[in-house]
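Below, all heavy atoms of this structure are taken into account, side chains as well, without hydrogens, waters or symmetry copies. Reminder, nothing fancy here: chain letters follow the sequence lines and each chain counts from 1.
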Amino acid sequence: MLDPAQVRDHLDEVEVKLAERGTHLPAELAAIKALDAKRRAIIPDLEEARRARKALGAKIAEAKKAGESADDLLPQGHGFSDRIKHQEAALDAVEQERRRLLLRLPNLPHESVPRGTGEKDNQEVSRWGEPRTFEFTPKAHWDLGPALGLLDFERATKMSGARFAVLLGAGARLNRALINFMLSLHTQEHGYTEVAPPFLVNDQALIGTGNLPKFEADLFKVAGDWNLYLVPTAEVPLANLHREEILDGRRLPLSYVAYTPCFRSEAGSYGKDVRGLIRQHQFEKVELFKFTAPGQSYDEHEQLTRHAEIVLEKLGLPYRRIVLCTGDMGFAATKTYDLEVWLPGQGTYREISSCSNTEAFQARRAGIKFRPDGTGKAAFAHTLNGSALAVGRTLIAVLENGQQKDGTVVVPDALRPFMDGQEVIEPRRS
RNA sequence: GGAGGGAUGGCCGAGCGGUCGAAGGCGGCGGUCUUGAAAACCGCUGUGGGGGCAACUCCACCCUGGGUUCGAAUCCCAGUCCCUCCGCCA
């Protein structure tokens, strides 16, 4: 959520920044400002009424204490409480509407973010690794995987439908190895605390991260009378780990890593990436998440992105880092780096990680504060998230980059301890 | 699924209609004492919002939401969560 005071006091600036990311809501912004003014007008009246009520109560109590009758002190009718109830209801309505509008406004881009209207305006920041030259035509994973018996799309369709896949044999093992490799790396070498969170979360958690109320169509909701959704990313449970808490500033940043499956409806992506494992309703991801003080969040964002890059480097997968332009960023982000891995079978770089700073956007929605020195006034923390990495996409990158002329796949060195020492993936026999 | 019990400040725990934002203890902070520390003693010590340069002041908050009342932490209703017992179950 945007800072309400910012909307009130710097409306023009907010409008410009929202426009930069393609959001034009002048009416909503004006409405928020008007509601804020209304709220500030109601409060003094309400407080005065409550003060008067309190004073009367004290008088009656005193009279009773003195053994006198308080009958003549009692107010006529209910005018008193009715007035307060009226004002309370009015205030409540104003605050609710104000919050409802605020929850639908995206975050504002950071000044270091390039302006632009879409993907074409994203900027490459850096590149690592040299795409391998093949002495044969490399296959895409949707051919390679099924040929090796690792990946089965047809059978997944029978039990679940389109955009699902089954991993088999060394494919399933590779998947598991990647998860363990990533978790071990981040916990042992990058200082993250491992978390195994719930895979179902309630609506409040999703409001906290910015997935609700605006993007309900992207989510899978649990059937029946449950206020629960399948997690679209581990970012949701991780961000809510410290919901409604005041953290000790001396212990910041807090760094967490979690593996979870992720579930997305992919509404609005019909016809896009229909082949292979790129865009599935269910995928797996190892997610990094940090709670930081405001002054440190951009440094930490760079570091967190580095931690994701190191996964690719250890696996020997060429990639590039992109900074998303204002028009291509997600709802909650002020700045986002995407990492794109080289996929030789498709001759292109594809997104494999997205690392964002949301500043206080999620913290404000989820009530996550901190005290700088452990004492004093609490302020909203900043939160960062990043995939490190998307497991399915890493799996296909390993397959496509490691494939050999005879159809087998070389397992990257770093992964072998997690693959029970297996060095080469050969066609599955059983 | 059935039957009970509970939710109060950082923690423990009293309060069960009238200045209660809330006793007491622990913890934390400051002081006295001490060469230093401990112990002992004294004082301070919740959060959010509004107003004032400030000393300060006002309002709200005792799980959440309704209700009763001049007045609710205390009474009533609904919900959430936790605990115990029985049943079922990976």
Test item: side-chain donor near acceptor, A:Tyr298 and A:Thr334, under 3.5 Å
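Checked: A:Tyr298/A:Thr334 side chains pair up, N/O donor to acceptor below 3.5 Å.
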
Under 4.0 Å from OP1 or OP2 of B:G46: is there any side-chain N or O of A:Arg371 that close?
no

Rounded [atom1] spacing from [N] to [M] in Å:
| N | M | atom1 | answer |
| --- | --- | --- | --- |
| B:C58 | B:C70 | P | 26 Å |
| B:G6 | B:A14 | P | 12 Å |
| B:G15 | B:G51 | C1' | 34 Å |

Table please: side-chain donor-acceptor pairs of residues 98-108 of chain A below 3.5 Å, with sequence neighbours left out.
{"unit_1": "A:Arg98", "atom_1": "NE", "unit_2": "A:Asp36", "atom_2": "OD1", "d": "3.1"}
{"unit_1": "A:Arg98", "atom_1": "NH2", "unit_2": "A:Asp36", "atom_2": "OD1", "d": "3.0"}
{"unit_1": "A:Arg100", "atom_1": "NE", "unit_2": "A:Glu97", "atom_2": "OE1", "d": "3.1"}
{"unit_1": "A:Arg100", "atom_1": "NH2", "unit_2": "A:Glu97", "atom_2": "OE2", "d": "3.3"}
{"unit_1": "A:Asn107", "atom_1": "ND2", "unit_2": "A:Ala332", "atom_2": "O", "d": "2.8"}
{"unit_1": "A:Asn107", "atom_1": "ND2", "unit_2": "A:Thr358", "atom_2": "O", "d": "3.0"}

Run the side-chain donor-acceptor check on residues 166-179 of chain A: report pairs under 3.5 Å with partners two or more places apart or on a different chain.
{"unit_1": "A:Arg173", "atom_1": "NH1", "unit_2": "A:Gln422", "atom_2": "OE1", "d": "2.6"}
{"unit_1": "A:Asn175", "atom_1": "ND2", "unit_2": "A:Glu284", "atom_2": "OE2", "d": "3.0"}

Identify all pairs in which a protein N or O lies below 3.5 Å from an N or O of nucleotides 76-81 of chain B, and state each distance.
none

Closest to the [X] side chain: [options]?
| X | options | value |
| --- | --- | --- |
| A:Lys369 | B:U68, B:G50, B:G48 | B:G48 |
| A:Arg53 | B:G51, B:C70, B:U68 | B:C70 |
| A:Arg39 | B:G49, B:G51, B:U68 | B:G49 |
| A:Ala378 | B:G71, B:G48, B:G49 | B:G48 |

Identify the pairs formed between an N or O of the protein and an N or O of nucleotides 17-23 of chain B at a distance under 3.5 Å, and give each distance.
{"unit_1": "B:G18", "atom_1": "O6", "unit_2": "A:Lys64", "atom_2": "NZ", "d": "2.7"}
{"unit_1": "B:G18", "atom_1": "N2", "unit_2": "A:Gly57", "atom_2": "O", "d": "3.2"}

A:Glu189/A:Lys314 salt bridge by N-O under 4.0 Å criterion
yes

Should A:Glu313 and A:Arg306 count as an ion pair when the cut-off is N to O under 4.0 Å?
yes

Report the residue (A:Ile43 or A:Glu48) whose heavy-atom-nearest nucleotide on RNA chain B is the more 5′ of the two.
A:Ile43

Is the A:Phe220 to A:Tyr229 ring centre distance short of 6.0 Å?
no

List for me each residue that meets side-chain contact (heavy atoms from CB on, under 4.5 Å) alongside A:Phe283, sequence neighbours excluded, and say none if there are none.
A:Cys262, A:Arg264, A:Lys285

With A:Leu252, which residues qualify under side-chain contact (heavy atoms from CB on, under 4.5 Å), at least two apart?
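Applying side-chain contact (heavy atoms from CB on, under 4.5 Å) to A:Leu252 gives A:Leu247, A:Leu254, A:Phe291, A:Ala293, A:Gln296, A:Phe370.
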
